[in-house]
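What follows is a set of notes on a single structure, which appears directly below.
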Amino acid sequence: MRFDVITLFPELFAPFQSIGVTRRAFESKAVDVRLWQLRDFADDAYRRVDDRPYGGGPGMVMLVEPLERALQAIHADQAAQGGPRLPVVMFSPAGRPLTQARVQALADSPGAILLCGRYEGVDQRFVDAHVDEEVSLGDYVLSGGELPALTLMDAVARLRPGVLHDAASHQQDSFSDGLLDCPHYSRPEMLAAEADGEGRGVPAVLLSGNHARIARWRREQQLAITARRRPELIEAARARGALSKEDECFLKTLLL
Ligand code: 21W
């Protein structure tokens, strides 16, 4: 798959290609990322890509014409590579929140053109003519769409075949079954006591070797944590029929 990223800050994307799971995705060609510096598509000596908003007000607006030239160059490049025309995703605080379902759909697709906004926003005429979808990361204010684009590509890359070593870790993830994850423990079994307290041990059930009991304990931890922190996810799991009779019984025992 391929991502074409339109940005004023291509430097921000370097670590994606040089570190960790996303580097592996990149090197294995599971995800091909091409960065397009919007300033290269300006038409004046100052490489201007923004201007003041009609009607007044604070901030600057990204200009239609450089964006259209960038898009045209990307479409030409995609066609030359024999690829399909990819949808345009714009990152905006006014977009729909990104979900794992949307991430999965993108991972199963040939890719997308990602437009990273800066300034107050993008001239609406470009949005109306070319943007297929507006995506937000949530209700807090960032300074532009680059970190959201990196977030989306990270979430997609780890779903591409061959990128994660352990296929089971997909399945167990928070959100892949709609509940938050259970707690995890590793060595040592007992942490030495400080002067003032007791040693901190691993929950005994995890050392029991009883795999059915361990699975039940983990499920109950997931249910309890989700019910406390994200009750709406319990409601959604119930609506999907994803809660067993045992799950429901356990939830009734919780003091929320
Ligand atoms: C932040 C641009 C605020 C414009 C309401 C009415 C992309 C983002 C961004 C930015 C404003 C995302 C206003 C979560 C984000 C992004 C830069 C508008 C004035 N508010 N997801 N008028 N949060 N942010 N501010 O900020 O480009 S995805």
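Order of appearance sets the numbers: ligands from 1, and atoms from 1 within every ligand. The model shown is predicted, which means the values in this text are computed figures rather than measured ones.
Ser244 and Asp247 form a side-chain donor-acceptor contact under 3.5 Å, judged by distance and modelled atom types alone. Under 3.5 Å, the side chains of Asp181 and Gln222 contain no donor-acceptor pair of N or O atoms.
The CG atom of Asp50 sits 8.0 Å away from atom CG of Leu8, with the distance rounded to the nearest 0.5 Å. Put simply, CG on Leu150 and CZ on Phe91 are 9.0 Å apart, with the number rounded to the nearest 0.5 Å.
Under 4.0 Å from ligand 1, the heavy atoms of Ser92 that appear belong solely to its backbone. Heavy atoms of Pro148 found under 4.0 angstrom from ligand 1 belong exclusively to the side chain.
Listed by number with element, the atoms of ligand 1 under 4.0 Å from a non-hydrogen atom of Glu120 are 2 (C), 4 (C), 18 (C), 19 (C), 25 (N). Near Val135, meaning under 4.0 Å from one of its heavy atoms, ligand 1 places the atoms 28 (S).
For ligand 1, the polar-atom distance check against Val141 finds no nitrogen or oxygen pair separated by under 3.5 Å. The shortest N/O to N/O separation between Leu137 and ligand 1 falls below 3.5 Å. Between Tyr140 and ligand 1, a contact under 3.5 Å exists for at least one N or O pair.
In terms of protein heavy-atom proximity, atom 3 (C) of ligand 1 is closest to Pro93 CG, 3.8 Å. Closest to atom 2 (C) of ligand 1 among all protein heavy atoms lies Tyr119 O, 3.5 Å. Of the protein's heavy atoms, Leu142 N, 2.8 Å lies nearest to atom 26 (O) of ligand 1.
Heavy atoms only, all atoms of each residue included: Ile225 and Pro183 are closest at CD1-CD, 3.9 Å.
Under 4.0 Å is where a charged nitrogen must lie from a carboxylate oxygen, and between Arg219 and Glu246 no such pair does.
Residue Leu71 is not grouped with residue Val61 when hydrophobic side chains (ILVMFWY) are merged at heavy-atom distances under 4.5 angstrom, including chains of intermediate members.
A donor-acceptor pair under 3.5 Å is absent between the side-chain atoms of Thr7 and the main chain of Cys116, judged by distance alone.
Per-atom contact check: atom 21 (N) of ligand 1 touches the protein, criterion being a heavy-atom distance below 4.0 Å. Checking atom 5 (C) of ligand 1 against the protein gives no heavy-atom contact under 4.0 Å.
Ring geometry, Trp36 versus Phe41: the interplanar angle falls from 30° to 60°, so the pair is classed tilted.
Using a non-hydrogen distance threshold of 4.0 Å, Asp139 does not register as a contact of ligand 1. Distances shorter than 4.0 angstrom occur between a heavy atom of Gly138 and an atom of ligand 1.
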